[in-house]
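The block underneath contains the structure these notes are about, expressed in structure tokens.
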There are 4 protein chains.
Amino acid sequence: MGPRARTIEDKQQRRRTILEAAKKLFFESGYQNTTIEKITEVAGVSTGTFYLYFKSKREIYMALYADGVDIFHQMAQQAISWPGMGVLGRLSAIANAYYRFYKEYTEYFDILAFIHLNQEELENPSDMRTVLDEKALKLLKMIEGVIKGGVESGELAPMDTWKATNVLWGMMDGLVMLAERQNVTVIEVSLEELIKQALEIAFYGMVRR
Amino acid sequence: MGPRARTIEDKQQRRRTILEAAKKLFFESGYQNTTIEKITEVAGVSTGTFYLYFKSKREIYMALYADGVDIFHQMAQQAISWPGMGVLGRLSAIANAYYRFYKEYTEYFDILAFIHLNQEELENPSDMRTVLDEKALKLLKMIEGVIKGGVESGELAPMDTWKATNVLWGMMDGLVMLAERQNVTVIEVSLEELIKQALEIAFYGMVRR
Amino acid sequence: MGPRARTIEDKQQRRRTILEAAKKLFFESGYQNTTIEKITEVAGVSTGTFYLYFKSKREIYMALYADGVDIFHQMAQQAISWPGMGVLGRLSAIANAYYRFYKEYTEYFDILAFIHLNQEELENPSDMRTVLDEKALKLLKMIEGVIKGGVESGELAPMDTWKATNVLWGMMDGLVMLAERQNVTVIEVSLEELIKQALEIAFYGMVRR
Amino acid sequence: MGPRARTIEDKQQRRRTILEAAKKLFFESGYQNTTIEKITEVAGVSTGTFYLYFKSKREIYMALYADGVDIFHQMAQQAISWPGMGVLGRLSAIANAYYRFYKEYTEYFDILAFIHLNQEELENPSDMRTVLDEKALKLLKMIEGVIKGGVESGELAPMDTWKATNVLWGMMDGLVMLAERQNVTVIEVSLEELIKQALEIAFYGMVRR
DNA sequence: TATGAATGAGTTTTCATTCAT
DNA sequence: AATGAATGAAAACTCATTCAT
């Protein structure tokens, strides 16, 4: 339908078009309920073209995942890049970034969240997997860096920073997941407030006394 | 081939047999990779019989979910039923019950966890959904009851108890989910320790100062 | 479309129906050009039913192959079962059986012939393969038995009977294959005569002088 | 990417490159498993260029077949071109040439053999077919010439030389085909020995007594 | 109640061929 | 003459669900 993608930029663009279509559909209907046919239909290309740009359904999913992690990583990085912030400020900033990512990039967020539990469905790990895990690990390391800084500066009590990082992350994750379920309506508490409260609780628990 | 289930007990028994088969398989292979045929094979009944006891694949999944929530609810209830426990003891007990449930009833746990993110895959909400949300709500209310008690007794600082409940729950959930992913190996920190640390952090944040 | 196959005989019958449809189509259009859909269409069953009776396209092919070998084996066996036949008579009888098989069961013959060279297309050997090779081996052993008998009775010159068997078989095979190609028309010599001549030549070469 | 083939020689060269790539791949993986893309990749040209030199996948296959027949024809011709050879010597020489062709040009041999049985797969006959049959016919006529010479010189018994030619050819063909199948391992007899034995048997049958 | 044979829409993926540049 | 992106028709196989017995 579209004109042939002749230059590298054209091809990048076409890849993006397909990626966007897939993102939209994965978000709307989930991985299983999204068929290649639907993706190509929305992207306005033929089945064959899809396979010109992506090896498989799985691969496009992973590509989106990678993008999602990158986006969040960048958001978080930026959030803590202001000089003169205290640890608590930085951690709050990361939490906020997390929340903003959830709100503004829900499609990506859902893709990230989906992968948590459905690795079986996505079958064999492959190289991609490793790449992705590395990306995720780097993200956690960044957060740990912030906590470490806090401990060193004396703002936070001495602690196992790696454990603390995972606690913080798991906490945020858990809260958003809670909100993600239909339960959100059940809970009748806004996610934003929840995160704030969680941070408060956590921070009181972490600061040096 | 199987004898007819004439009495109500017979029927209940047969239902349980199918349920157990499904639980085993959902746990081993996930929802998508479990076929009705496999379930009936393991249960030793025919395909038709399956549909005599469950309306659809989805329904049996939901039934298992409900069972899982019930089991955990009972475990948590029991954990806090000792008289003379402080709030922190009670909350710890609940967290421990959560951990124990995760360890001892992993099949159920996975089923519960799966549902979080895959509601899309399970399609139309149906009545079951409501029943389940009610069950889950009751569970959260029980936890809130504990926190409320602590605030009233002055052990905990005054706070929005409903928010705090959700924070605690989300925290635990998030941690286990973190551990459930492949990331567990990445993280290299045992779940048990993580939960302990999380509680510590949270409790320090919650107690009256 | 047809009524449900309830008894074992019904099922055998249905299996046969599908088998016949496949045989016809493989013969008419070759393996690659025969689709499961065409087979089920001709057999008057649904796609799903096909897979109820055969694991794969390959399997139905192999099943036909096995039948073909069995049929020929029986024909050859019967051909040499008359008491009081000399070796040459027996070998002639086998060659005739081969020719009759080619004429009367061309569909089977073609399936047997096809497999010769296209094992790649049929991919991984599997158990079936072994079974089939055993069947083919048994057939050759039967022919060798006849030649051995001839050598022992002094009708034939002493020789490596296994080699001779393979020569004879390869000869017959080669001739029919020659006839099978479009070349038949080119050659303008009837297959029957060719086989007769070949036997004459071979026999003159084999008899004790 | 490739430079333009301006002169006729350039074009011939490019054609050859593609042909060689196809030969290699057809031999390694068979007709069905060889894609145009793989061929062009190996040949170092673009997909479009392939279709500039060959009308279809089928056509390149046929072209290789023609080459194969030509090569063997030349080998056989040369083998019998020594003056002062007897008939049996000449026939042996042809058989040896056949065997050598099988050994040294296995790729071509397989291509020739494949066509025997898979004409269906190659679809509509087309003009090529005729060309090929003519080539094959010429080959057989050459062999017949040798036999005729033998009959005329009295070395061989009087016989229908055309039939005998076909018998000999079919015999050789049949033996090699036997060896080509997986059965080779089953048979456990070397092809070379088989051909020798076959010739012996045949010659004893053909010589004047 | 129980059975299990039958269904058929639905899914991913391949690849020969075309054609605008 | 050469390119290679785009095409889209196949094709094999799966599986939740139905329904006649």
Side-chain angles (χ1 to χ4, degrees), chain A residues 1-7 10-11 14 32-40 44-58, chain B residues 1-6 10-11 14 32-41 45-60, chain C residues 1-7 10-11 14 32-40 44-58 60, chain D residues 1-7 10-11 14 32-41 45-60:
Chain A
M1 290 216 165
R4 231 154 263 204
R6 218 155 289 279
T7 68
D10 282 354
K11 284 169 78 172
R14 188 145 285 204
Q32 290 285 349
N33 298 323
T34 297
T35 66
I36 304 288
E37 209 194 350
K38 273 192 229 150
I39 295 176
T40 56
V45 298
S46 72
T47 325
T49 301
F50 175 91
Y51 284 92
L52 226 48
Y53 290 88
F54 300 95
K55 270 216 307 289
S56 65
K57 186 180 173 182
R58 190 176 172 276
Chain B
M1 287 210 172
R4 290 205 181 177
R6 272 175 220 289
D10 282 352
K11 282 172 73 174
R14 188 153 280 207
Q32 292 285 350
N33 300 323
T34 297
T35 66
I36 303 288
E37 208 196 347
K38 272 192 230 148
I39 296 175
T40 56
E41 201 183 302
V45 300
S46 72
T47 328
T49 301
F50 176 91
Y51 283 90
L52 238 40
Y53 288 88
F54 301 93
K55 268 215 313 287
S56 65
K57 187 180 176 184
R58 191 177 171 276
E59 210 202 61
I60 199 172
Chain C
M1 289 213 167
R4 234 155 262 207
R6 218 154 290 280
T7 67
D10 282 351
K11 284 170 77 172
R14 186 143 288 202
Q32 291 285 349
N33 298 322
T34 297
T35 67
I36 303 289
E37 208 194 351
K38 273 193 228 150
I39 295 176
T40 56
V45 299
S46 71
T47 323
T49 302
F50 175 91
Y51 285 93
L52 225 49
Y53 289 89
F54 300 94
K55 270 215 307 288
S56 65
K57 186 180 174 184
R58 190 173 170 277
I60 200 172
Chain D
M1 291 213 166
R4 285 192 189 193
R6 274 176 217 287
T7 68
D10 282 352
K11 283 172 73 173
R14 189 153 279 207
Q32 292 284 350
N33 299 325
T34 297
T35 66
I36 303 289
E37 208 196 345
K38 271 192 231 150
I39 295 175
T40 55
E41 200 183 302
V45 299
S46 72
T47 329
T49 301
F50 176 92
Y51 283 91
L52 237 41
Y53 289 88
F54 300 94
K55 268 215 313 285
S56 66
K57 185 179 176 184
R58 192 177 169 275
E59 210 203 61
I60 200 172

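Just so you know, these numbers come straight off a predicted model, no measurement behind them. When reading the values below, keep in mind they use all heavy atoms of this one structure, side chains included, and skip hydrogens, waters and symmetry mates. Proteins get letters first, then strands, A, B, ... in listed order; numbering begins at 1 in each.
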Item checked: Gln32(B) to Lys57(B) - nearest heavy-atom pair and separation -> O-NZ, 3.9 Å
Check: Closer to the 5' end of DNA chain E via nearest nucleotide, is it Phe50(A) or Val45(B)?
Finding: Val45(B)
Checklist line | Pair assignment for DNA chain E - dot-bracket with | for other-strand partners, Watson-Crick or G-U under 3.5 Å | finding: .||||||||||||||||||||
Next item on the list: Report the residues that fulfil salt bridge (charged side-chain N to carboxylate O under 4.0 Å, His left out) with Lys11(A), sequence neighbours left out, ordered by chain and then residue number.
Entry: none
Note to self: Can you measure Tyr53(D) atom OH to dA16(E) atom P for me and round it to whole angstrom units?
What the structure shows: 20 Å
Next item on the list: Could you check Lys57(C) against Thr49(D) and say which one's nearest nucleotide on DNA chain F is further toward the 5' end?
Entry: Thr49(D)
Note to self: Please tell me if Lys11(B) has a side-chain N or O lying less than 4.0 Å from either OP1 or OP2 of dT1(E).
What the structure shows: yes
Next item on the list: Please state how far atom CG in Asn33(B) lies from atom P in dC15(F), giving the value in whole angstrom units.
Entry: 8 Å
Next item on the list: Kindly say if Arg14(D) contacts the phosphate of dA1(F), meaning a side-chain N or O under 4.0 Å from OP1 or OP2.
Entry: no
Notebook entry, point to check: Does Thr34(C) or Thr34(B) map to a spot on DNA chain F nearer the 5' end, using the closest nucleotide for each?
Noted result: Thr34(C)
Show each protein N/O and nucleotides 18-21 of chain E N/O combination with a separation under 3.5 Å, one pair to a line.
from: dC19(E); atom 1: O2; to: Arg4(A); atom 2: NH1; distance (Å): 3.1

Next item on the list: Look at all strands and tell whether Thr40(C) reaches a base, only sugar-phosphate, or nothing, counting heavy atoms closer than 4.0 Å.
Entry: nothing
Item checked: All ring pair (Phe, Tyr, Trp, His ring centres under 6.0 Å) counterparts of Tyr51(A), not counting sequence neighbours -> none
Check: Looking for any heavy atom pair under 4.0 Å, which part of the strands does Phe54(B) touch: base, sugar-phosphate only, or nothing?
Finding: nothing
Check: Looking only at heavy atoms, what is the nearest atom pair of Thr47(A) and Thr40(A), with distance?
Finding: CA-CG2, 3.9 Å
Item checked: For Thr34(D), all residues meeting side-chain hydrogen bond (donor to acceptor under 3.5 Å, both in side chains), sequence neighbours excluded -> none
Note to self: Any base atoms under 4.0 Å from Thr7(C), or only sugar-phosphate, or nothing? Heavy atoms, all strands.
What the structure shows: nothing
Next item on the list: Please state how far atom CG in Leu52(C) lies from atom P in dC13(F), giving the value in whole angstrom units.
Entry: 15 Å
Next item on the list: Nearest whole angstrom, please: distance from the P of dT14(E) to the CD of Gln32(C).
Entry: 15 Å
Check: Does Phe50(B) reach the side chain of Ile60(B), with side-chain heavy atoms less than 4.5 Å apart?
Finding: yes
Next item on the list: Find the distance Glu37(C):CD to dT14(F):P and express it as a whole number of Å.
Entry: 17 Å
Margin query: Closest-nucleotide mapping onto DNA chain E: is Lys38(A) or Ile36(D) further toward the 5' terminus? I mean the 5' end.
Written below: Lys38(A)
Next item on the list: List in chain and number order the residues that pass side-chain hydrogen bond (donor to acceptor under 3.5 Å, both in side chains) with Thr49(B), two or more places apart in sequence or in another chain; answer none if no residue qualifies.
Entry: Ser46(B)
Notebook entry, point to check: What's the closest nucleotide to the Ser46(A) side chain, out of dT7(F), dA11(F), dT3(F)?
Noted result: dT7(F)
Check: Counting any heavy atom closer than 4.0 Å, what does Thr35(C) reach on the DNA or RNA strands: base, sugar-phosphate only, or nothing?
Finding: sugar-phosphate
Notebook entry, point to check: What residues, two or more places apart in sequence or in another chain, satisfy side-chain hydrogen bond (donor to acceptor under 3.5 Å, both in side chains) together with Thr35(C)?
Noted result: none
Note to self: Holding to salt bridge (charged side-chain N to carboxylate O under 4.0 Å, His left out), I want the full list of residues that pass it with Lys55(C), two or more places apart in sequence or in another chain.
What the structure shows: Glu59(C)
Next item on the list: Please identify each residue that fulfils side-chain hydrogen bond (donor to acceptor under 3.5 Å, both in side chains) with Ser56(D), with sequence neighbours left out.
Entry: none
